[in-house]
Amino acid sequence: MRKFFDVEDIGNLEKALEEARSVKSNPFAWKALGENRTIMIVFFNSSLRTRLSTQKAALNLGMSPIVLNIGQDSWKLETELGVVMDSDKSEHLREAIPVMASYCDIIGVRSFAGLTDREFDYNETILKQFIEFSGKPVISLESATVHPCQAFADLITIEEYRRKKRPKVVMTWAPHPKALPQAVPNSFAQWMNAADVDFVITHPRGYELDSRFAGNAVVEYDQMKALEGADFVYAKNWSCPGVTNPSDYGRILSKDMSWTVDEAHMAVTDNAFFMHCLPVRRNMIVSDAVIDAPTSLVIPEAANRVVSVQVVMKRMLEEMK
Ligand code: AN0
Ligand code: CP
């Protein structure tokens, strides 16, 4: 595996889930694989889970992690090609990437969407430079349009908790005070479309996800109707993807608090489990009662972040042998 970005990169999902189960039940079984190997974990943005789970998974595999926070620990990096570098950015990705790559065997990158230039974001301009200029396997740790380690962990969690062969999974938009990227809902949609689940997306009009990720998923604009009979409720805020109106890209179109997932929303489900990738704003995205209920999976879901990224790194290491 040279890159982990799309659901296709992991291949057969049943096989991946089986591998996740063995990694979870025996996390140190592949400790020899990572001997004398290094993963460079590069952050352009904040993180709690991704930073810690990726390091933990590397250690489980016997690999050494190096973490770099761009702009805090390093020089500020220019990401656009062909510009006159007269701003506060001292170094270009074009040099920084091959230098970082020369110190490691795998690179993981977190670089959020800027939410101002749709083309720059949706072309994955930064991640593509990492793939092109590093010559090393690259893992997206949430790049402009995708967060595959999260979606894989979400799928592992659904597989662990499902009470039906083909559960109904509803992804609902929820309000948030700041404009957030579409990476999490994009990847979740892409992975759910590939999985054996009955998948429904609900959001206010204008929040339609790019068809590259939403595929043929059912979109129901009536949130309550969408939630009826759900087995899993996956809440997430995202800003306008700019599909119907490109000039709205990255904007907040609604702060409608009636979309906050509370007990009234959960009451129409089939005693659904609640999921969120975290970090979550309480009483904006979800009420205290719902996130604190025994049906909330947010903590086991976060714990599975070690498992998902460990499967990915394990496969990359196996190909290096
Ligand atoms: C980010 C997002 O919505 O993409 C990271 C989520 C994993 N969330 C925030 O910035 C709050
Ligand atoms: N879910 C997730 O990626 O969390 P962090 O932003 O804290 O890494």
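Start at 1 and go down the list; that is how both ligands and their atoms are numbered.
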- May I ask you to check whether over 12 heavy atoms, not counting those of Glu119, lie within 6.0 Å of atom CD? no
- Message: Looking only at distances, can you tell me whether any N or O atom of Leu278, backbone or side chain, sits closer than 3.5 Å to an N or O atom of ligand 2?
- Response: yes
- Message: What protein heavy atom lies closest to atom 7 (O) of ligand 2? Include the residue and the distance to one decimal.
- Response: Leu48 N, 2.6 Å
- Is there at least one pair of N or O atoms, one from Lys236 and one from ligand 1, spaced under 3.5 Å apart? yes
- Task: May I ask you to identify the nearest protein heavy atom to atom 8 (N) of ligand 1, giving residue, atom name and distance to one decimal place in Å?
- Result: Leu180 CD2, 4.1 Å
- Among protein heavy atoms, which lies nearest atom 2 (C) of ligand 2, and at what distance? Arg305 NH1, 3.3 Å
- Item | Under 3.5 Å: N/O of Glu142 near N/O of ligand 1 | yes
- Item | Donor + acceptor pair across side chains of Asn237, Lys178 (<3.5 Å) | no
- Query: Which part of Gln150 is near ligand 1, with near meaning a heavy atom under 4.0 Å away: side chain, backbone, both or neither?
  - Reply: neither
- In terms of atom number and element, which parts of ligand 1 are under 4.0 angstrom from non-hydrogen atoms of Leu278? 7 (C)
- Task: Assess whether atom OH of Tyr221 is packed by more than 12 heavy atoms of other residues, nucleotides or ligands within 6.0 Å.
- Result: yes
- For atom 6 (O) of ligand 2, grab the closest protein heavy atom and report residue, atom and distance to one decimal in Å. Arg110 NH1, 2.7 Å
- Short version for Glu142: what comes under 4.0 Å of ligand 2, heavy atoms counted, is neither
- Kindly check if the number of other-residue, nucleotide or ligand heavy atoms within 6.0 Å of NZ (Lys76) is above 12? no
- Query: Would you say Arg51 has any N or O atom under 3.5 Å from an N or O of ligand 2, going by distance alone?
  - Reply: no
- Query: What part of Trp238, side chain from CB on, backbone N/CA/C/O, both or neither, has a heavy atom under 4.0 Å from ligand 1?
  - Reply: neither
- Task: Starting from atom 4 (O) of ligand 2, locate the nearest protein heavy atom and write down its residue, its atom name and how far away it is, to 0.1 Å.
- Result: Arg49 NE, 2.8 Å
- Query: Are a donor atom and an acceptor atom from the side chains of Glu124 and Thr145 found within less than 3.5 Å of each other?
  - Reply: yes
- Message: Hydrogens and angles aside, do Asp121 and Gln182 bring a side-chain donor and acceptor to less than 3.5 Å of each other?
- Response: no
- Does Lys164 pair with Asp270 as a salt bridge, N-O distance under 4.0 Å? yes
- Task: Would you check, one step at a time, whether the test salt bridge (Lys or Arg N to Asp or Glu O under 4.0 Å) holds for Glu318 with Lys314?
- Result: CA-CA 6 Å; Glu318 279 167 346; Lys314 172 178 168 289; 3.1 Å; yes
- Message: Within the structure, is a non-hydrogen atom of Pro181 found at a distance of less than 4.0 Å from ligand 1?
- Response: yes
- Message: Looking at Asp73, I'd like to know if its CG atom is crowded, meaning that more than 12 non-hydrogen atoms belonging to other residues, nucleotides or ligands lie closer than 6.0 Å.
- Response: yes
- Salt-bridge test for Arg282 and Asp288: reply yes if a basic N is under 4.0 Å from a carboxylate O, no otherwise. yes
- Among protein heavy atoms, which lies nearest atom 1 (C) of ligand 1, and at what distance? Phe112 CZ, 3.9 Å
- Note on the structure: Counting from 1 in the order shown, the ligand 2 atoms closer than 4.0 Å to a non-hydrogen atom of His147 are 2 (C), 3 (O)
- Message: Would Ser47 count as being in polar contact with ligand 2, using the rule that some N or O on each side must be under 3.5 angstrom apart?
- Response: yes
- Could you identify which residues cluster with Leu48, counting Ile, Leu, Val, Met, Phe, Trp and Tyr as linked when any side-chain heavy atoms lie under 4.5 Å apart, either directly or through a chain of such contacts? Leu52
